[in-house]
Every structure is written in C-alpha cells, then in structure tokens.
Amino acid sequence: MRSEVVRLAVVDLHHAGLTQEEFRRRFSELLRVFSELGCEVEVAESPQQLEELLIEASILLVLGPLSSPLEDVDLLRSFVERGGGLAFAGCGRGGARPRLEWAGVSVNGDLVRDPRSCHGGLEETPVTSEILREHPACEGAYKVCFHAPSSLEVRDPSLAKPVCYGGMTAVAVRESGEVAQEGFPTLAAASEVGSGRVFVVGDSDFLSDDYIAEYDNRILARGLISWLLGLRRRMGKRKRITIYPPVSLSPEDDEGFYRMAWDLYAVGYGVEVSEEIPAGPPPDVLILLDLPSEPTAEQVESLERFVERGGGLLVLFDRSRADRLDRINALLERFGVRMNRTPVRGRGEFEWDPTHPLGAMLSRFHLSKPLPMRVSRPAVEVALWGRFGGFSCVLAAATRGEGRVVVIGEDWPFRSHSYWRDGHYEIIRACVSWLTEGPTPSQEYAQGVDLLRREVARLRNEVEELRLERSRLAAELRAVNGEEMRIETLKELVKVEAQAKAVSSIISDMSMAEMDVELARAVVEACMTGLRRAYDTFDRHPKAAHEVAASLSLVLSSLREVAEQRAAEAAPEGRLRDE
C-alpha cells in the first residue's frame with residue numbers, strides 16, 4: 001500500500017552505464033515496487049547529480065555491472081551512516097570492482113553456476129531456497145533465482161551477515177576457470193552501518209523485468225527495499241479473504257497461491273483457507289475455485305445470501321475441469337453469468353473497460369486461455385478478448401444486494417509460478433480491492449441514478465436535435481415539392497385523363513381516313529401510357545409528374561383541335577348527301 005510519506009529513491013545510472021530510457025524499459029516492474037512503497041524515483045547520470053540527490057534521498061540503488069568504479073566511497077558511506085539505505089546489485093567481474101569493504105562485504109570477481117538447480121536449463125542462472133527468511137529483507141522469499149551472479153565475501157561479521165546462499169551443487173568459478181568455492185556460495189548480504197543499512201547482491205538482472213517475475217524475486221525486491229527504508233509491517237485489523245476449496249498456501253506445495261496469499265498479505269489483507277463453504281462469520285471476500293461435487297440447494301443459496309448481505313465473491317475457475325462447469329454455472333447464473341466450455345482460441349488481444357470501477361484499477365490485463373462467458377444483468381463485461389470487434393467477455397462483474405461478484409474463466413495464472421508475470425497480480429489486487437473497498441451500495445445507487453439522469457438528458461437533447469433536423473428537411477422538401485405543387489399536379493393529371501377520354505370519343509364518332517384514325521388512336525394510347533407513369537411517380541416526384549402531365553396535355557389539346565377541324569370539314573358533305 002502507498003505510504004503517506006513520500007520517499008525519494010535514487011538510481012545511480014552513471015556507474016551502471018544505462019540511459020534513462022533503457023532503465024525504465026528494463027526495470028519497469030522494479031519501478032512499480034518503488035511506487036507501491038510510496039517512493040518517487042530519480043535517476044543520477046553523473047557524479048554531480050548523485051551528490052545533489054543524496055542530500056534528500058531515502059534510498060540509493062546502484063546497478064551493475066559497473067562501467068566505472070565507485071570513486072567517492074566517502075559519499076556513499078556518509079549517506080548510509082546518517083540513515084540512508086544503499087542497495088548494490090551487480091557482479092564483481094571486470095575491471096571496475098565495487099569498494100564496499102566499509103560495509104563489511106566485498107563482491108568477488110567470479111561466476112556462480114549450478115548445474116542441478118537452475119532456471120530454464122541455464123547453469124549460470126542458479127535457483128536457490130537457501131534464504132535467511134528470518135531477516136526482514138528476505139521475509140516471504142522462499143525461492144529466488146539470479147542470472148550470472150558473483151559470490152560475496154563477508155569480511156566483517158559484526159557489520160554484515162549472509163542472507164542468501166547458492167545451493168549445495170552451486171560452484172563459484174573465477175574468470176581464469178579455477179573453481180573458487182563448491183557448495184553454498186554467498187549470493188546476498190545485509191549490513192547495518194551507523195544509522196543506515198546496506199543490502200548487497202552479486203547480480204542486477206534479478207531486478208530486471210526478465211527475472212523479477214520469476215519465483216519470489218519480486219517478494220525479495222519488495223522486502224529489501226522495505227528494509228532499507230525502515231518500513232514496518234502493517235499491523236491492525238485486516239480484511240479477511242477465504243479460499244474454498246482449501247489449497248495449500250505453502251510454497252513447497254503450491255507456489256502460485258502462496259505468492260497470491262503473500263502479496264495480498266503485504267498490501268493489507270489476511271488470507272485463509274476453508275474446508276467448507278463458510279457458514280459462520282463471513283469473510284470479506286470468498287475466493288471460490290469450485291463447488292462440492294454435488295452442491296445442495298442450501299449451499300448455493302447460502303452463497304447468494306452471502307453476496308446479498310455485503311460479501312465479495314471472486315470466482316476463479318479451472319478451465320481444465322469442464323466436467324464441473326454445470327454446477328458452477330448453476331451458481332453464476334443467479335448473478336447473470338454463464339461460462340462456456342471452450343477456451344478462447346486463435347489470435348486476439350485483451351481489452352478492458354476503464355469506465356467500470358474495477359477496470360479503472362487496471363493498467364494492463366492478460367490471461368492465458370480463459371473460458372469466455374455470456375453476460376446479462378446484473379452482470380456487466382469488464383475485460384474482453386478478441387480481434388476486429390469479435391470480442392468475448394473473459395472477466396465479468398456484478399452487483400447484487402449489498403455485495404459484489406467477479407468472475408474470471410481461468411485460475412492457472414494465479415495458481416502457478418507465473419503469478420508475477422504479465423500483471424496477473426494486478427488483476428487479483430484490483431478484484432479484491434473492488435470487492436472490499438469500492439463505493440458503498442448507497443453511493444453506487446446514487447451514482448447509478450445520476451448516471452441515468454445524465455443519460456436521459458442526453459437522449460432528450462438528441463431527440464430535440466433530431467426533431468429540429470426533421471423539421472428543417474421537411475421544410476426543404478416542401479420548398480422543392482410543396483403541397484401546392486402536389487395539388488396542382490394532381491389536378492393536371494385528372495385534366496389529362498379527361499382530355500384523353502374526350503379525344504377518344506371524338507375519334508370514335510368521326511369518319512376519317514383509316515390511316516388517320518389509327519394514328520390518332522396510337523397517339524391517345526401513348527398519352528395514356530405516359531399518364532399511368534406520371535401517376536406512378538407522383539408520390540416520389542410530384543414536380544416531374546406535373547411536367548409530364550403538362551406535356552401530355554399539350555399533345556392531347558393539339559390532337560383534339562385536329563380531330564375537331566376534320567369533323568367540321570366533313571359535316572357539309574354529310575348534310576348534302578342527306579338532302
């Protein structure tokens with residue numbers, strides 16, 4: 001947890017030969033540890049900067065291998081004697097050997113190997129459990145690894161003491177190839193000089209991102225920094241976290257859950273396991289890994305009541321136990337979640353919702369191959385996996401009564417040695433924090449009401465804007481195809497239809513040459529066809545229909561004049577014949 005007192009941590013990059021960009025890229029997880037402990041980090045890239053920063057610094061970290069010797073030994077010694085903390089992490093090989101005899105320890109110019117206990121099959125990356133866990137700097141660290149470390153020599157036991165050894169099969173080899181020591185070489189030592197403290201380790205890579213996530217290296221890093229700063233373990237009442245079914249919290253049995261428990265303990269929680277679904281004094285958070293083989297309705301209902309009365313439920317389901325999915329879904333469906341049987345596949349990426357209180361606590365999110373889930377109210381999607389919009393929910397959260405629920409379709413990253421990798425520990429911390437320290441239900445209700453009010457106001461504004469836009473478009477439409485035009489067009493169409501009937505009647509009553517009659521009838525038929533088409537387009541394009549009707553009216557008027565003229569010419573001949 002972040003302390004109220006801000007402490008200045010200085011990293012000496014001048015002697016390490018690193019740029020700021022390289023340091024922040026390679027040691028980003030170490031910077032997170034400093035931040036958790038309430039430290040602001042400054043870097044010194046020259047002896048002058050170092051001297052200035054040490055005036056107010058609480059802790060100094062010197063990373064190796066050294067590109068130049070530590071020239072001003074008196075500066076470091078006076079800094080420690082007046083209460084500062086010094087962490088030296090680097091090998092002793094090369095020409096620039098660190099001068100730390102004043103702290104009772106020296107770094108040898110050798111390389112420690114271990115062919116029997118090593119990480120990734122690399123002898124120069126020994127893994128050891130030979131740790132003095134009684135020392136505050138190493139508390140909680142059960143197994144650590146180092147990359148190409150040098151051994152240490154404790155020269156003044158009254159000042160320094162070894163706190164970490166290599167294993168029985170580890171050997172220290174000099175640069176000449178000569179074996180300097182066989183079995184249990186010293187890898188880390190702690191000293192107290194004046195009012196300050198010194199921690200020396202023959203390797204700097206164990207603090208880098210490549211190794212700090214392995215084993216208990218992060219626990220050791222946090223422990224040694226806390227010890228150098230003089231921080232004490234948090235005391236007082238802790239919120240209770242219970243894990244069911246019971247798992248071993250011993251590092252010898254289940255490294256992942258051990259690290260989870262230690263991490264939660266370090267940030268202020270108490271962790272225990274239970275042989276049965278808690279029925280007595282409820283914990284603040286229940287981490288549920290499974291249900292009994294045949295859960296009773298009473299057990300399921302007790303979990304539901306546990307949440308409704310204010311409990312936090314964190315469900316981590318082992319995706320390899322698909323045969324047990326139905327019984328866990330029987331519980332989760334009460335909170336709006338149902339997990340699928342098939343883990344996520346193919347290529348994709350993880351995304352999370354920063355607007356949700358839980359998502360806002362995450363700076364990164366990564367799982368292995370979780371089970372996706374279908375979500376309905378009261379649950380909401382917090383983290384998704386997929387690509388190009390085809391996302392599936394892999395972390396869901398729900399609020400029920402006075403409590404909360406978080407469901408993750410995987411537990412492997414939290415039960416294995418990868419707990420520190422890819423920010424998995426951040427997911428657990430965020431879930432537990434939201435389940436225990438989030439807003440109270442009344443505050444959530446008020447926030448929800450306020451959110452709904454703002455959403456209603458936003459929708460009202462959008463409706464009003466749409467109404468104005470519709471009015472504007474309707475006005476433009478009336479300007480182009482006004483109601484007057486529609487009425488005029490309709491009158492014109494009716495007029496044309498009457499003209500066509502009148503012309504047809506005249507033609508049928510008169511006697512003209514056969515060719516003239518047929519031609520007149522064809523013209524009338526063509527006009528009727530044009531009239532029908534004008535009717536068809538009237539609703540969509542009344543102006544165009546009006547233009548067609550006007551043209552047809554001219555044609556029919558001309559045809560009628562010709563027919564009437566022919567009829568008038570033929571009338572005297574008819575009267576003469578009759579007489």
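Positions are given from 1, in the same order as the sequence printed here.
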(message) With heavy-atom distances below 4.5 Å as the criterion, would you say the side chains of Leu331 and Leu303 are in contact?
(response) yes
(request) Using salt bridge (Lys or Arg N to Asp or Glu O under 4.0 Å) as the criterion, list what pairs up with Lys239, not counting sequence neighbours. (result) none
(message) Which heavy atom of Ser191 sits nearest to which heavy atom of Trp227, and what is that distance?
(response) O-CH2, 3.4 Å
(message) Heavy-atom count check: over 12 atoms from other residues, nucleotides or ligands less than 6.0 Å from Arg24 CZ?
(response) yes
(message) With a 6.0 Å cut-off (strictly less than), is the heavy-atom count around CD of Glu51, excluding the residue itself, greater than 12?
(response) no
(request) Step through the shown structure and confirm whether more than 12 heavy atoms of other residues, nucleotides or ligands are within 6.0 Å of CD on Glu182. (result) no
(request) Mind checking the CD1-CH2 spacing from Ile219 to Trp420? Nearest 0.5 Å is all I need. (result) 5.0 Å
(request) Inspect the surroundings of CZ in Arg309 and state if more than 12 heavy atoms from other residues, nucleotides or ligands are less than 6.0 Å away. (result) no
(request) Run the numbers on Arg77 and Glu81 for salt bridge (charged side-chain N to carboxylate O under 4.0 Å, His left out), then give the verdict. (result) CA-CA 6 Å; Arg77 183 169 185 170; Glu81 288 179 343; 3.1 Å; yes
(request) Check whether NZ of the Lys or CZ of the Arg Arg218 lies under 6.0 Å from the centre of the six-membered ring of Tyr425 and within 45 degrees of that ring's axis. (result) yes
(message) Donor-acceptor pair, distance only, cut-off 3.5 Å: does the side chain of Tyr258 make one with the backbone of Gly140?
(response) yes
(message) To check you understand the geometry: which heavy-atom pair defines the closest contact between Leu289 and Phe317, and what is its length?
(response) O-CD1, 4.2 Å
(message) Measuring from atom CG of Leu224 to atom CD1 of Ile59, what distance do you get when rounded to the nearest 0.5 angstrom?
(response) 7.0 Å
(message) Between Arg93 and Glu175 (salt bridge meaning N to carboxylate O under 4.0 Å), is one present in this structure?
(response) no
(message) Main chain of Lys369, side chain of Glu410: is a donor-acceptor contact present, judged purely on distance under 3.5 Å?
(response) yes
(message) Is there a side-chain contact between Leu384 and Phe365 in this structure, where contact means two heavy atoms from C-beta onward sitting under 4.5 Å apart?
(response) no
(message) Using every non-hydrogen atom in the two residues, find where Cys91 and Val107 come nearest and quote the distance to one decimal.
(response) C-CG1, 3.8 Å
(request) State the CG-CG distance between Asp411 and Leu288, to the nearest 0.5 angstrom. (result) 11.0 Å
(request) Working to the nearest 0.5 Å, report the span between CD of Glu255 and OG of Ser248. (result) 11.0 Å
(message) Between Glu29 and Arg364, is the salt bridge (charged side-chain N to carboxylate O under 4.0 Å, His left out) condition met? List the steps.
(response) CA-CA 12 Å; Glu29 203 63 39; Arg364 50 186 170 166; 2.8 Å; yes
(request) Heavy atoms only: give me the nearest Pro413-Ser368 pair and the separation to one decimal. (result) CG-N, 4.3 Å
(message) Using a 3.5 Å distance criterion without hydrogens, assess whether the side chain of Asp156 forms a donor-acceptor pair with backbone atoms of Ser158.
(response) yes
(request) May I ask you to test the Tyr244-Leu286 pair for a side-chain heavy-atom distance under 4.5 Å? (result) yes
(message) Strictly distance-based, threshold 3.5 Å: is any side-chain N or O of Gln181 a donor or acceptor partner for the main-chain N or O of Phe184?
(response) yes
(request) Determine whether Arg259 and Asp216 make a side-chain contact, defined as any pair of heavy atoms from C-beta on separated by less than 4.5 Å. (result) yes
(request) Look up atom CG in Leu159 and atom CG in Leu100, then write down how far apart they are to the nearest 0.5 Å. (result) 12.0 Å
(message) For Arg305, is the CZ atom crowded, meaning more than 12 foreign heavy atoms sit under 6.0 Å from it?
(response) yes
(message) Test your reading of the model: is there a side-chain donor-acceptor pair from Ser150 to the backbone of Asp110, 3.5 Å cut-off?
(response) yes
(message) Side chains of Leu291 and Gln299, heavy atoms from C-beta outward: is any pair under 4.5 Å?
(response) no
(request) Side-chain contact test, heavy atoms from C-beta onward, threshold under 4.5 Å: evaluate it for Leu395 versus Leu358 and give yes or no. (result) yes
(request) Taking Asp114 for its side chain and Ser117 for its backbone only, find out whether a donor-acceptor pair lies under 3.5 Å. (result) yes
(message) Under a 3.5 Å threshold, yes or no: a donor from one side chain and an acceptor from the other, between Tyr211 and His119?
(response) no
(message) As an exercise, state the distance from CG of Leu37 to OG of Ser58, rounded to the nearest 0.5 Å.
(response) 11.5 Å
(request) Say whether, by atom type as modelled, one donor and one acceptor occur between the side chain of Arg240 and the main chain of Pro282 under 3.5 angstrom. (result) yes
(message) A side-chain contact here means heavy atoms from C-beta on lying under 4.5 Å apart; do Val285 and Tyr269 qualify?
(response) no
(request) With the side chain counted from C-beta on, respond yes when Phe206 and Val144 share a heavy-atom pair under 4.5 Å apart, and no when they do not. (result) no
(message) So does Gly64 get a backbone contact from the side chain of Ser204, meaning a donor-acceptor N/O pair under 3.5 Å?
(response) yes
(request) Search all heavy atoms of Met373 against all heavy atoms of Val407 and return the closest pair with its distance. (result) CE-O, 3.9 Å
(request) Could you walk me through whether Asp284 and Arg238 pass the salt bridge (charged side-chain N to carboxylate O under 4.0 Å, His left out) test, one step at a time? (result) CA-CA 10 Å; Asp284 295 282; Arg238 295 170 176 266; over 6 Å; no
(message) Using every non-hydrogen atom in the two residues, find where Glu130 and Gly167 come nearest and quote the distance to one decimal.
(response) CG-CA, 4.4 Å
(message) Considering only residues two or more places apart or on different chains, which pairs with a residue in residues 9-28 satisfy ring-ring contact (aromatic ring centres under 6.0 Å, His included)?
(response) Phe23-Phe27
